[in-house]
Amino acid sequence: MTSRPFNFAAGPAMLPEAVLSRAADEMLNWHGSGMSVMEMTHRGAVYLSLFEKVMADFRRLLNLPSHYKILFMQGGATAQNALLPLNLLGANRKADYVNTGHWSTKSVNEARQYGDIHLAATAESTAGTPHSHPFTFIPPISDWKVRPDSSYLHICGNETIGGVEFWQWPDMKALGAPDVPLIVDMSSHILSRPIDVTRFALAYGGVQKNLGIAGLTFVVLDEALIRDRVKAPLPGCPTVFDFRKVMENDSMFNTPPTYAIYLTGLVLEWISAQGGVEVLGQRNQEKAELLYSALDASSFYQTRVERSARSFMNVPFYLPDDRLYESFLKGGQERGLINLKGHKAVGGLRASIYNAMPIEGVRALCAWLAEFEKEHA
Ligand SMILES: *Cc1c(COP(=O)(O)O)cnc(C)c1O
């Protein structure tokens with residue numbers, strides 16, 4: 001096998017090599033079944049046993065109480081931008097959103113098709129703030145204006161493009177909206193550290209950043225949100241995307257993405273084998289601190305995100321001269337450091353250092369940062 005590069009892509013992202021080799025070993029014959037997982041009927045006992053273990057492992061790693069349900073769906077977090085309002089807006093069709101970046105903006109714009117959407121806070125404008133770039137900070141939570149009769153408040157826990165992560169969750173009581181359920185897009189930091197999911201009525205995301213391959217979406221929700229609160233989706237919600245139907249049918253209303261679920265199962269087993277979410281949280285902190293301190297120690301590289309909102313998963317940074325990017329990326333590639341280009345919305349560079357990125361990858365990146373600075377400063 002040729003040596004694998006350190007892949008800093010934001011998603012689909014690097015997977016643990018152990019997961020890939022296991023998938024390869026089991027490709028033609030899963031546990032003596034004589035079949036590949038891809039070939040199994042989702043209603044058969046063999047697949048169901050696998051499916052139930054994935055659900056149980058996910059529940060255990062999230063530390064979920066029994067009144068929380070896990071739904072496996074399709075369409076990515078992007079589909080949820082429509083499905084959340086469709087399922088949750090209820091009769092008054094009011095929802096509040098906090099806009100901290102690219103992904104929140106997408107959520108807001110999609111939701112506007114379905115109801116009366118209010119921005120409780122936004123980091124789009126820097127006016128009246130000490131910040132010089134939009135979407136590089138989280139507006140102080142105590143200043144958020146949440147409508148108390150809103151159907152929910154939506155936040156993006158980790159802005160994958162801007163590199164802005166929540167380290168403190170809003171307290172809905174303190175915001176004067178004790179009855180408003182809190183919803184979070186956790187696509188890019190799910191299981192990256194211990195997070196008390198019961199702070200949220202619902203958490204969702206695609207798994208291709210930290211938990212598997214493209215094709216599977218998770219929705220983790222307090223069943224009371226549907227059972228006691230909204231009761232029914234807006235008219236016109238496709239049946240296959242009606243949370244009640246998905247829940248009643250244990251995420252098998254129709255054919256689920258069977259192989260993607262299996263792969264997530266392998267990633268969950270890998271997380272457990274590493275020592276669980278706490279151990280990964282410590283490792284992720286160590287990796288992020290290593291990279292941020294290398295960037296901070298240099299006057300050559302720049303970061304823009306407010307320190308208290310820095311993401312441990314996605315680290316955007318900039319070079320002092322636009323003409324240098326090409327050679328930085330090329331030199332990185334030659335050293336096996338790939339996909340470091342920033343998202344076109346913000347430019348610059350970005351290192352995504354999810355669970356599967358070993359600390360050796362971050363060390364190699366730091367060595368390249370030092371070498372490149374020496375050459376060009
Ligand atoms: C990647 C990402 C999305 C979009 O996910 P898709 O699976 O492509 O729909 C949404 N939100 C966040 C925070 C993301 O990182």
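It should be emphasised that the depicted structure is a prediction, and the values quoted were computed from it without experimental measurement. The residues of the chain are indexed from 1 along the displayed sequence. Indexing begins at 1, ligand by ligand and atom by atom, following the structure's order.
- Side-chain heavy atoms closer than 4.5 Å link hydrophobic residues (I, L, V, M, F, W, Y) into clusters, and following such links, even through other members, never connects Ile353 to Trp167.
- Atom 7 (O) of ligand 1 has Gln208 NE2, 2.8 Å as its closest protein atom, hydrogens excluded (heavy atom only).
- Near Cys156, the atoms of ligand 1 lying under 4.0 angstrom from a non-hydrogen atom of the residue are 13 (C).
- Contact annotation for Glu159 and ligand 1: no heavy atom of the residue comes within less than 4.0 Å of the ligand.
- Residue contacts with ligand 1 do not include Met186, since none of its heavy atoms lies under 4.0 Å from the ligand.
- Relative ring orientation between Trp169 and Phe166 is described as parallel, the plane-to-plane angle staying below 30° on a 0-90° scale split at 30° and 60°.
- The contact set between ligand 1 and Thr160, taken as ligand atoms under 4.0 Å from a residue heavy atom, comprises 12 (C), 13 (C), 14 (C), 15 (O).
- Compare Asp185, Thr78, Ile161 by their heavy atoms: the one nearest to atom 12 (C) of ligand 1 is in Asp185.
- Hydrophobic clustering (side-chain heavy atoms under 4.5 Å, transitive across Ile, Leu, Val, Met, Phe, Trp, Tyr) groups Val164 together with Leu182.
- Exactly one residue among Ile138, Leu119, Asp96 makes a side chain to side chain contact (heavy atoms under 4.5 Å, CB included) with Trp144. That residue is Ile138.
- Summary of contacts: the protein heavy atom closest to atom 1 (C) of ligand 1 is Lys209 NZ, 1.6 Å.
- Ligand-side atoms of ligand 1 in range of Asn158: 13 (C), range being under 4.0 angstrom from any heavy atom.
- In this structure, Lys330 is not positioned above the aromatic face of Trp368 in the sense of NZ or CZ being under 6.0 Å from the six-membered ring centre and within 45° of the axis.
- Remark: Arg304 is positioned above the aromatic ring of Tyr318, its terminal NZ or CZ atom under 6.0 angstrom from the ring centre and at most 45 degrees off the axis.
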